[in-house]
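Just follow the structure's listing: the first ligand is 1, and inside any ligand the first atom is 1. Sequence positions, counted from 1, serve as the residue numbers for this chain.
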Amino acid sequence: MNNQGSLKKLGILTSGGDCPGLNAVIRGAVLAGEVVHGYELLGFRDGWRGVLEQDVVPLPRLSVRGMSRRGGTFLGTSRTNPLRDGSPDAVRESLARNGLEGLVAVGGEGTLAAAKELSDQGVKVVGVPKTIDNDLGATDYTFGFDSAVQTATEAMDRLRTTGESHHRCMVAEVMGRNAGWIALHAGMAAGAHAILIPEHPVSLEQVAEWVVSAHARGRAPLVVAAEAFAPLGEAAPYAPRGLDTFGRPRLGGIGKLLEEQLQELTGLETRSTVLGHIQRGGEPTAYDRVLATRLGMAAVAAAAAGSWGTMVSLRGTDIVTVGLEEALGLLKTVPEVRYQEAAVLFG
Ligand code: F6P
């Protein structure tokens, strides 16, 4: 007789913007769940939408075969908010109907905030932090960040060769929401002549000076701008596209403004490129695959230990468990010392 009926059941979902490594988390959770803890995993499709609409699939070991290298999330994702679009009771009922002991919620700030609220209302949930932006306070690095930086760096290497051929100034706009981590790391890796981040506003005249100085040395200047960078004197980041479903400004477009203004100030032919969602797509790096797998495994271990209301997190090289409240409220931005370190290389 097979023992499927006696297995404990755990739900898993991926929610919010996708990022490379989500499939590796699911695989880590499924494998550790089955091998170590005697859990059968069930996946909700499209994040909280699947929970509210009972859109659920069994996740046997076979379903995660070869998944750690695949980009995106095979469960799908959405920006459905379980509190705005549903209720703690609806979530509780869905878990009960599927015979689930609890839920692993993989997501960013919005998802973890919802998970915390649900946990306060008695729903058994463990969080796994995810975002390419690397801006969550309670973890040293988020998976997806390394992959985004790798993609952005490769794109900038390409911008440099075309920029050099045409003796142009190239501007690359990268993602990151209100943190400049992707710009800082990819800019440093690509040898940018200026890195513009929201944490450290600078004037356009200063940027133009860096551009002119690099050009004077025979270089094709590369300027990297985080999407939330606002030049000194501007009150807010450029966000002409309204708000997203969590009420946050949809950023983007600063690269084009910089192109126009730098061309005017420097007299150099300038071109801008918005890297956009290319940074979120594609295969995760080896680093992200390992981190994501470990986080998935740790999340199931936390559930098995009854550590509900927590989030798994990277501290140094260890995976630890912290309270969900630690993940929230504290936006991890680039410290001034890291900016100054990079600024030595500008111009
Ligand atoms: O938070 C991840 C992120 O990719 C940000 O860097 C970016 O501002 C935002 O999501 C874009 O969101 P959307 O997928 O809704 O366009």
For ligand 1, is there an N or O atom under 3.5 Å from any N or O atom of R250? no
Quick one: does ligand 1 sit under 4.0 Å from the side chain of L251, the backbone, both or neither, non-hydrogen atoms only? neither
Look at the rings of H185 and W181 and say which category their plane angle falls in: under 30° parallel, 30 to 60° tilted, over 60° perpendicular. perpendicular
Does the distance from a Lys or Arg side-chain N to an Asp or Glu carboxylate O, for R289 and E283, drop under 4.0 Å? yes
Counting heavy atoms under 4.0 Å, the part of R280 that contacts ligand 1 is side chain
Distance from atom 2 (C) of ligand 1 to nearest protein heavy atom, with residue and atom: D133 OD2, 3.3 Å
Is there a donor-acceptor pair under 3.5 Å between the side chain of E199 and the backbone N or O of E336? no
Who's the nearest protein heavy-atom neighbour of atom 7 (C) of ligand 1, and how far? E227 OE2, 3.4 Å
Nearest protein heavy atom to atom 16 (O) of ligand 1, by residue and atom, and its distance? H277 NE2, 3.0 Å
Polar proximity ligand 1 side, G176 side, N/O cut 3.5 Å exclusive: yes
Who's the nearest protein heavy-atom neighbour of atom 9 (C) of ligand 1, and how far? R177 NH2, 3.8 Å
Ion pair check, D135 and K332, cut-off under 4.0 Å: no
Closest approach of any protein heavy atom to atom 12 (O) of ligand 1, naming residue and atom: R79 NH2, 3.1 Å
Got a donor-acceptor contact below 3.5 angstrom from the R241 side chain to the L251 backbone? yes
Under the 3.5 angstrom rule, does the side chain of T161 hit a backbone N or O of R158 as a donor-acceptor pair? yes
Taking T151's backbone N and O only, do any of them form a donor-acceptor pair with Q279's side chain (distance below 3.5 Å, no angle check)? no
